[in-house]
Amino acid sequence: MSTAEVTLGSVLVELDEAIGTSAYTAADVEDLRSSIDQQLTEAVDVAAIDPSLLPVRVPKGRVTSVLACPAKALADLGGQIEPIHSLRGAVADVAAVVASMSPRKPLELIDVLEGVAAIDPENIGIEMWRASSREEKAEFTEQLTPLSAAIQRTCSGVSLDWVVRPQFTSQAAFAGGRLLATARYDMLLTQPGRPRSGVVVEVKAGDAHSDHRADAFLYALLETLRTGYSPLAIVTVCTGDPAILVEKVTGGVLESAARRLVAASRILIDMVANPRAEAPEQPGPHCTVCPRRTHCSSVSLAVDAS
Amino acid sequence: MSQRTPRELGQYAQEWARERLQPAALQTAESRYGDASDHERIRLANFGLTTMLDCEARVTASTGFDGWDVLKATRWLAVRSLHRYLSDDGVTNVQRAVRSTMANTIDDAAPDSEFIDGWLKQQPPGVRALLAARSSGWVASLLETVRDADLEAEALKPPPVDGPPMRFYYPGRALMIEARVDGLYGRKNIKGPSAETLLLTVTAPAFVDAILDFEGTAATLASGVAPGFVAAVMPKLGQVHKVAVDTAMIERGLALCERLADLELRSIDGRGATGVARSASFFGCRSCPLSETCSTREEAEAKSTVFGGLQPNP
Ligand code: SF4
Ligand code: SF4
């Protein structure tokens with residue numbers, strides 16, 4: 001099959017024969033869960049956190065950001081996402097969902113926008129759209145129509161045996177509920193009549209980059225902990241080439257994600273327990289997009305120069 | 001205390017509800033619930049309960065039913081689609097069950113968007129597609145969570161959608177308690193409510209115990225016979241939490257009803273939120289009519305709880 005013909009539907013057909021299998025046995029999953037739990041219980045116990053600040057929340061995005069640079073992760077908190085980026089993300093998400101429902105024909109951009117407005121009326125991008133003039137709307141339409149069409153094309157061909165769950169939140173509690181790890185998948189696809197058929201889909205309104213792979217691993221871990229068996233694959237749908245990336249879930253993927261989750265949680269536990277301490281600075285390629293880069297003493301000189 | 005039979009428990013719950021809720025009931029209209037105006041009646045149901053568990057003050061500012069939206073319509077469509085999927089003559093594909101339920105609803109729709117059928121009919125294609133996706137997802141979540149929790153999928157029975165709603169009307173007064181049932185679980189050859197488990201999908205695991213107490217009590221009051229169990233299906237955690245309906249649960253459930261009734265009354269008798277506990281939360285405060293003037297929200301927002309109240313490095 002050539003790259004151009006790959007759609008979510010064709011990926012799911014290929015994954016079909018793996019349904020019912022799992023990278024890990026139930027006993028392996030329990031071992032992994034208790035190993036993470038033991039390490040995080042110890043970390044939370046030692047940190048003696050003010051109970052009013054519990055539970056320590058570890059959403060997926062924060063794992064990536066604190067592992068890159070804790071100081072940047074904090075600085076980024078105050079930042080606002082650009083309305084057009086927010087709108088692009090929401091259009092891509094909705095386009096992916098409606099296309100996965102195998103409609104008779106693709107939806108026009110305006111229908112996709114109506115969908116965004118219905119589920120996320122306070123989206124800053126939708127507010128911007130509403131407030132825009134006719135000329136601005138025409139400009140946005142020109143920008144967003146190819147995005148919506150491309151994502152719908154890529155997510156087409158899904159059989160009605162698959163059920164899509166948009167914006168599905170998965171949660172895993174550790175240390176007796178004192179630490180909550182969460183992830184929100186853009187889509188979770190399963191065949192309700194067939195056990196162990198989970199496929200997590202992440203939708204990007206641009207190219208996929210290296211962080212996405214680490215994110216995919218974390219999704220795989222949280223889905224495994226939620227259901228007791230691993231998903232078949234983590235699929236990233238984007239507007240790059242290739243437009244679909246498939247990450248099969250193996251034991252190695254789960255163990256690597258568990259290590260990252262524990263490492264990020266330890267940093268966060270430490271930050272919450274010592275609110276007056278300055279968050280550690282960790283230079284790297286991310287310095288180029290950090291709000292502190294103009295005055296941070298650790299800013300990577302090499303990257304800065306480049 | 002010897003164990004009450006399901007019927008005795010039902011009677012006990014109804015007698016005790018009449019006694020405990022009397023102070024609140026006497027402040028509602030002296031009429032049937034349906035004949036009273038919105039300002040003279042109170043309805044105790046799931047939405048008010050979860051609001052109360054999140055922030056009591058927000059209940060006192062509630063404006064009642066403010067029309068259909070995607071969230072409300074998702075559950076409405078999902079429960080009916082689950083019914084179709086699980087019925088003996090049903091459709092054995094979740095997506096098709098949702099599509100046919102939606103199509104039938106729209107076909108029979110009245111022009112008025114006050115009712116769900118009319119509202120659905122007015123929705124543009126993008127919104128309908130999302131609704132269908134969300135409802136199919138809701139059904140799949142319930143089915144899979146029950147199966148993965150090692151409960152027998154065959155013992156799932158269609159939720160009661162055709163009969164009258166499960167309600168308890170306070171005699172002679174405009175006070176009503178409504179139970180929510182998303183599915184029934186029990187062996188098909190054993191009949192009667194006491195052999196059944198009422199299933200409900202719970203998306204806020206933190207409140208699961210109180211939600212089960214309320215719903216178990218409401219269902220017992222409505223039918224006059226206690227179900228065997230109530231169970232919360234929690235897809236987010238992949239868990240089912242099942243508890244027996246007994247005297248202690250009814251007592252806890254009625255205490256919740258009593259508190260909720262007082263808060264609901266405050267929204268109509270002018271006492272408002274004065275002296276009522278407040279608790280800020282991101283989504284709760286966002287939709288709260290009191291948020292503009294609420295100091296609890298302001299204080300919570302001033303200290304970022306995202307990282308446990310940390311401020312970024314200079
Ligand atoms: S400039 Fe680099 S090292 Fe400094 S806070 Fe930002 S990302 Fe971290
Ligand atoms: S603004 Fe928030 S804290 Fe204040 S009453 Fe409303 S929900 Fe409660």
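Heavy-atom distances place the side chain of Leu107(A), and not its backbone, under 4.5 Å from chain B. Proximity to chain B is limited to the side chain of Pro166(A), based on heavy atoms less than 4.5 angstrom apart. Heavy atoms of Asn93(B) lying under 4.5 Å from chain A belong exclusively to its side chain. In this structure, chain B has a heavy atom under 4.5 Å from the backbone of Arg194(A), while its side chain stays farther away.
No side-chain heavy atom of Leu189(A) sits under 4.5 Å from any side-chain heavy atom of Val200(A). Counting heavy atoms from C-beta on, the side chains of Arg165(A) and Ser141(B) come closer than 4.5 Å. For the pair Arg84(B)/Leu82(B), no side-chain contact is recorded, criterion being any heavy-atom separation below 4.5 Å from C-beta on.
Between the NZ atom of Lys121(B) and the CD1 atom of Ile116(B) there is a distance of 14.0 Å, given to the nearest 0.5 Å. For the atom pair OG of Ser100(A) and CG of Asp186(A), the computed distance is 10.5 Å after rounding to the nearest 0.5 Å. In this structure, OG in Ser102(A) is found 7.0 Å from CD in Gln95(B), a value given to the nearest 0.5 Å.
Options Pro103(A), Pro59(A), Gly115(A), Ala273(A) differ in how many heavy-atom pairs under 4.5 Å they form with chain B, and the most are formed by Gly115(A). The most heavy-atom pairs under 4.5 Å with chain A, out of Ser135(B), Pro125(B), Ser136(B), come from Pro125(B). Taking chain B as the reference chain and counting heavy-atom pairs below 4.5 Å, the highest number among Met101(A), Gln167(A), Glu114(A) is found for Met101(A). Considering only heavy-atom pairs separated by less than 4.5 Å from chain A, the leading option among Arg128(B), Arg134(B), Arg96(B) is Arg134(B).
Because its NZ or CZ atom is both nearer than 6.0 Å to the ring centre of Trp76(B) and within 45° of the ring axis, Arg80(B) counts as a cation-pi partner of that residue.
Between Ala78(B) and Trp138(B), the closest heavy-atom pair is CB-CE3, 3.3 Å. Considering every non-hydrogen atom in both Val79(B) and Val181(B), the closest pair reads CG1-O, 4.4 Å. In terms of heavy atoms, Leu131(B) sits closest to Leu120(B) at CD1-CD2, 3.5 Å.
Listed in order of number, the residues of residues 117-124 of chain A that approach chain B to under 4.5 Å between heavy atoms are Ala118(A), Ile119(A), Glu122(A).
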